[in-house]
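Residue numbers begin at 1 in each chain, while the letters A, B, ... track the order of the sequences. Hydrogens, waters and symmetry mates are skipped; everything else that's a heavy atom, side chains included, is used.
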Amino acid sequence: MALPKRDELLKDVNYDRMPSKHWMDTKPEFRPGTYCYAAEPSVVEDLGLPNPRKWQPHDEDWKLPPNWKEIVLNAIKDRMERFRSFKLFMDICVRCGACADKCHFFLGTGDPKNMPVLRAELMRSVVKGEFTRSGKIFGRLAGARPLTYDVIKEWFYYYYQCTECRRCSVFCPYGIDTAEITILAREILHEIGVNIDWILKPVRFSAFVGNHIGLQPHTIQENIEFLLDDIEEITGIRPEVPINKKGAEILFVTPSADFFADPGIYTFMGYVLLFHYLGLDWTLSTYASEGGNFGLFTSHEMMRKLHAKIYHEAERLKVKWILGGECGHMWRVVHQYEDTALGPAPKNLEVPKSPITGTVFEHAKSTKIVHICEFTADLIAHGKLNLDPSRNDHLIVTFHDSCNTSRGMGIFEEPRFILRHVCNNFYEMPENTIREKTFCCGSGSGLNTDEYMEMRMRGGFPRANAVEYVHEKYGVNRMACICAIDRAVLPTLMKYWVPEVSISGVHELVGNALVIPGEKKRTTDLRFEPLKGVEEEA
Amino acid sequence: MNVVAALVAVIGMVIVVWFGVGVLKLYTLFGVLVPYAALLTFLIGLIYRMVNWAKSPVPFKITTTCGQQKSLPWIKHSRLESPANNFEVVLRMALEVLAFRSLFRNLRADLRGRKLYYGSSKWLWLGAILFHWSFFIILVRHLRLFTYPVPGPIKVLDAVDSFFHIGLPHLYMTDVAILAGLTFLILRRLVDAKVNYISHASDYFPLFLILGLISSGMLMRYFLRVDLVSVKEFVMGLATFHPKAPKGIGVIFFVHLFFISALVAYFPFSKLVHMVGVFFSPTRNLPNDNRRVRHINPWWEGVPPKFLTYCEWQEKFKEQLEQAGQPIDEDCYKEKKS
Ligand code: HEM
Ligand code: SF4
Ligand code: SF4
């Protein structure tokens, strides 16, 4: 099915018109463009996950195991016993509706089940209906219902229409985090073999090769060589990229998309130029070659399994600390899960200390992992970088706060501080769409697949709408971000909603502005696009 | 349908009391047994709830960060929105509980054509604050019925609340405020399409119940005057566990007493437990210090992760590594031998 035209997409969306039927009586329609395909049996099998089989969500029969109901109920009980968050969130929602119009998927579809409160209620109603006496007696009056086959289909549809962005949690008076419920709902669905291919394929690659798309060690190196060729052509300098170097001071881990995918590669070029400029003693690993973690979108166990290689590699290489690249969900894991899941950090790691400024990163003294924006902001604050922001004058820049780094970490000032030093034209989007209130790209949590395009464009609409505003008002033509999924999906979103705006990582702009001793006069940016003023000269 | 069910339930209660007390004269049942049973249910239920929540561990520190983290020393972190230690967490929680901080953020999204607009929307916050604070003050004011002599602070509260000396007995400001708040909350549920759609009967029920509670109280105070001396005598009896069957008190008092009993008994088993639950919320009651202080997950501690180790990986890609000139780690083989 073709994607509707930009001006057509939202014509039926109305936040104040609800269906006449009670929500327990409506069923999702598996319309192409609004759901993701099921995982191939071989992938499920390789990962040792339950119930590998050929099936698709639009099939009538999902070929669930015969005792699916028992499995699901046991899984719910198990999660209640292990997660206070889950148990509590099932109990205390007052249905005040403060979260209702905070979700980008509701704003882009008008579908009431995309209101975070109803998304959670899809699970809550079953918990009440199956586990409480009052729920069994009063049924719908108490918001309770039994678990049925249709409920499973509904869960699949709506828990894969949540990008785990946590925006709802900011507005909820009790901090109820629907993302947490989605994470656990997906975990529960996996137990009966209900899953999506776009998440499990990268998970398999990560588990068996080391990164999402299965780049093998030599391919990573070849890709990097290409990027170094480009850097050399642009700057006249060929930096060194140490690979799997034992005894380096710093292990650098970044999402693998930065090695090969436009526009992540330009961000990577920025990192490399920065490290070269500083003369940093660093190394990349072709084993721990993925910072991103699609395991987070599968289950807590899978997240842990995929992330374990980072400390493991840091220990083997005997580095002193770890520097992490620009990535959203990688940083959700690094910041909020890593230490708990995989700590304490290996003994050879030390409290991170910038070899250039001497700053000790006390806030990372337990995990020993520093965000590259923290590292670079510190360099700039100490006047260690020679920057020529006018080399970004062809760009009018805004900044997109990624969900995970915003609401699961709180890194707001560092990237802004960098941007203000590396470019002259920086404009914020409207206040209600940035920082902790930032809008998701619409494709996070493993939903960045092509078959899901309509929903992605809908979910990304609130973000795009804010970009359009600054584009019209200030002529913004570049949105910087610190997330690999953003870099992968925002170009598509922009092409649909605001085609004049391109996307980049923050360190691409650093790379543009950094004046490196011995470089030649630059005439283009890292994308071979002419710098401002250069065109006229030529 | 939902609204009607809730309304019928509350009206049904009035009828039960009117019949039980007014006609059957079951003073002891409605005056003594029901309140005690309700109180017991409340205490046991609430303790059960809290123990039940506490039994499930908090495996991860999943603070929702609503402000700048504490990182570099020259960047000011947001102490209230991204608390860096337990003291700041207490501040954040206090703001949530006392001032409904998160609700204050509320916005309203409007779609016009293909443009989205966000308006500030503080009405819910205002209604909620009016309702909750009035409820709290009214509850505290009631202590004058349970104490002898009445403590000074409660007298002061009473005097302040009826400061304007409107009517006789003086009208309490909180009575007006709670009615305004409740009316708003009820209307909102009925009128706002989204909130209406998500509401169960169990969302209307406490609102009507509390409305009944307040109306019966106000009726008693301002219109169908009851004999306060007998009420106080009776309440003191209850409070000191020497209950005396009440005499000469109007049925309206028993309706009021029944409503509060029902509310109290219903409390632990309904969404009203949010009062206690909010303190347990892991997205609010944990500091954002994850990289500085390790959080322990009891069901993972001591259970090592299973994953593809470097040496296993090296075996798998040895050829490619060699071809690309990437170093082979000889330690992998040493370990195997030993
Ligand atoms: C620490 C104490 C409490 C806090 C922080 C608190 C907070 C809140 C908040 C933020 C809301 C959402 C806004 C709203 O819908 O009004 C709410 C709703 C509500 N609260 Fe409380 N509350 C507390 C105690 C209580 C108590 C003691 C009662 C009554 C017995 C109560 C009854 C209600 C009711 C009925 C609602 C739903 C209102 C509606 O349906 O619109 N709360 N509470
Ligand atoms: S804001 Fe929180 S309490 Fe209110 S409806 Fe949403 S999840 Fe429930
Ligand atoms: S976490 Fe984000 S996507 Fe999921 S329900 Fe909340 S606002 Fe919507």
Side-chain angles (χ1 to χ4, degrees), chain A residues 10 13 16 18 81-82 84-85 87-88 91-92 94-95 97-98 100-101 107 112 117-118 141-143 166 169-175 177 216-218 221 243-244 287 304-305 308-309 316 335-337 339-340 343 363-367 374 378 381 407 409-413 432 436 462 465, chain B residues 5 53 56 58-62 64-66 68-72 74-75 82 100 102-103 105-107 109 111 114 116 118 193-195 197-203 271 273-274 277-278 280-284 288 290-295 297 299 305 307 310 313 317 320-321 323-324 326-327:
Chain A
L10 302 173
V13 174
D16 293 310
M18 294 290 127
E81 277 160 20
R82 283 195 289 137
R84 186 181 300 167
S85 53
K87 207 185 228 178
L88 189 80
D91 285 343
I92 62 171
V94 297
R95 283 160 298 278
D101 56 358
L107 294 174
V117 46
L118 264 199
L141 292 175
R166 311 185 98 199
S169 161
V170 168
F171 291 90
C172 174
Y174 320 118
D177 181 9
Q216 300 191 359
H218 58 295
Q221 191 169 342
I243 290 178
N244 302 347
Y287 160 68
R304 189 184 194 209
K305 177 186 171 83
K309 62 186 173 233
R316 182 185 74 89
H335 188 75
Q336 293 203 321
Y337 295 103
D339 212 10
T340 300
H363 67 291
K365 75 174 181 201
S366 180
T367 54
E374 295 164 350
D378 173 64
R407 293 180 281 259
M409 181 179 177
I411 182 167
F412 298 113
E413 293 306 331
N432 290 326
E436 76 279 5
N465 182 68
Chain B
W53 285 330
S56 294
V58 178
F60 304 104
K61 194 151 54 180
I62 52 164
T64 304
T65 55
C66 301
Q68 171 64 34
Q69 64 168 351
K70 185 171 163 62
S71 55
L72 298 164
W74 48 272
I75 296 178
S82 206
F100 298 179
S102 290
L103 209 56
R105 266 188 268 264
N106 197 24
L107 299 170
L111 183 67
R114 63 174 187 87
L116 258 178
Y118 310 95
K194 293 187 283 292
V195 184
Y197 196 65
I198 59 177
S199 297
H200 307 305
S202 56
D203 295 318
K271 70 174 193 179
V273 281
H274 66 271
V278 61
F280 283 76
S281 181
T283 61
R284 292 290 188 271
N288 179 25
N290 297 55
R291 278 184 286 157
R292 196 157 44 85
V293 182
R294 180 161 184 257
H295 180 86
N297 173 358
W299 40 264
F307 63 102
Y310 175 82
W313 179 86
F317 294 106
Q320 288 94 323
L321 285 167
Q323 266 170 21
Q326 291 173 25

**Q.** N/O donor-acceptor pair under 3.5 Å between B:Thr65 side chain and A:Met409 backbone
**A.** yes
Q. Who among A:Ala381, A:Pro217, A:Gly97 has the most heavy-atom pairs with chain B under 4.5 Å?
A. A:Pro217
Q | Contacting region of B:Ala109 [heavy-atom separation from chain A under 4.5 Å] | A | both
**Q.** Between A:Asn244, A:Val13, A:Ile243, A:Asp91, the one whose heavy-atom pairs under 4.5 Å with chain B are most numerous
**A.** A:Asp91
Q.
Please enumerate all residues that pass ring-ring contact (aromatic ring centres under 6.0 Å, His included) together with A:Phe412, with sequence neighbours excluded.
A. none
Q) Of the listed residues (B:Leu103, B:Leu107, B:Val278), which shares the most heavy-atom pairs with chain A below a 4.5 Å separation? A) B:Leu107
Q. For A:Asp16, is it the side chain, the backbone, both or neither that has a heavy atom under 4.5 Å from a heavy atom of chain B?
A. both
Q. Closest approach of B:His274 and A:Val94, non-hydrogen atoms and distance?
A. ND1-CG1, 3.4 Å
Q | Heavy-atom neighbours of A:Lys87 NZ exceed 12 at 6.0 Å | A | yes
Q. Taking side chain as C-beta onward, heavy atoms only, is B:Arg284 less than 4.5 Å from A:Ser169?
A. yes
**Q.** side-chain contact (heavy atoms from CB on, under 4.5 Å) assessment of A:Val170 paired with B:Thr64
**A.** CA-CA 7 Å; A:Val170 168; B:Thr64 304; 3.9 Å; yes
(Q) Out of B:Trp313, B:Phe317, B:Tyr118, B:Phe280, return the one with the most heavy atom pairs under 4.5 angstrom to chain A. (A) B:Trp313
Q: Could you check whether the rings of B:Tyr310 and A:Tyr287 sit parallel, tilted or perpendicular, using 30° and 60° as the cut-offs?
A: perpendicular
Q. Rounded to the nearest 0.5 Å, how far apart are CD of B:Gln326 and CD of A:Gln221?
A. 4.5 Å
Q. In terms of heavy-atom proximity below 4.5 Å to chain B, should A:Val117 be classed as side chain, backbone, both, or neither?
A. side chain
Q. Looking at B:Leu116, B:Leu321, B:Val273, which one has more heavy-atom pairs under 4.5 Å with chain A than the rest?
A. B:Leu116
Q: For each of A:Pro112, A:Pro462, A:Cys172, A:Gly343, tally heavy-atom pairs with chain B at distances under 4.5 Å, and name the one with the top tally.
A: A:Gly343
Q: Mind ranking B:Ser71, B:Gly277, B:Ser199 by heavy-atom pairs under 4.5 Å with chain A and telling me who comes out on top?
A: B:Ser71
Q. Quick one: are A:Asp339 and B:Lys61 in side-chain contact, heavy atoms under 4.5 Å?
A. no
Q: Dump the intermediate steps for side-chain contact (heavy atoms from CB on, under 4.5 Å) on A:Ser85 and B:Thr283, then the final yes or no.
A: CA-CA 8 Å; A:Ser85 53; B:Thr283 61; over 6 Å; no
**Q.** Gap separating the CD atom of A:Gln336 from the CD1 atom of B:Ile62, nearest 0.5 angstrom
**A.** 7.5 Å
**Q.** B:Gln68 versus A:Glu413, side-chain donor and acceptor atoms under 3.5 Å
**A.** no
Q) With respect to chain B, which residue among A:Arg316, A:Lys309, A:Met18 yields the maximal number of heavy-atom pairs within a distance under 4.5 Å? A) A:Arg316
Q) Who wins among A:Arg84, A:Glu436, A:Arg166 for the most heavy-atom pairs under 4.5 Å with chain B? A) A:Arg84
Q: Answer yes or no: is there a donor N or O on one side and an acceptor on the other, between the side chain of B:Ser281 and the main chain of A:Tyr174, under 3.5 Å?
A: yes
Q.
As an exercise: rank B:Val195, B:Asn297, B:Ile75, B:Val293 by heavy-atom pairs under 4.5 Å with chain A and give me the winner.
A. B:Ile75
Q.
Would the distance check show the side chain of B:Trp299 and the main-chain N or O of A:Arg82 forming a donor-acceptor pair, the cut-off being under 3.5 Å?
A. yes
Q) Looking at CD of A:Glu374 and CZ of B:Arg291, how far apart are the two atoms once the value is rounded to the nearest 0.5 Å? A) 4.0 Å
Q: Would you check if B:Pro282 and A:Leu88 make a side-chain contact, meaning some heavy-atom pair closer than 4.5 Å?
A: yes
Q) Between B:Arg105 (side chain) and A:Phe171 (backbone), is there a donor-acceptor pair under 3.5 Å? A) no
Q: To the nearest 0.5 angstrom, please state how far the NZ atom of A:Lys365 sits from the CZ atom of B:Arg294.
A: 15.0 Å
Q.
Tell me every residue that passes ring-ring contact (aromatic ring centres under 6.0 Å, His included) with A:His218, counting only those two or more places apart in sequence or in another chain.
A. none
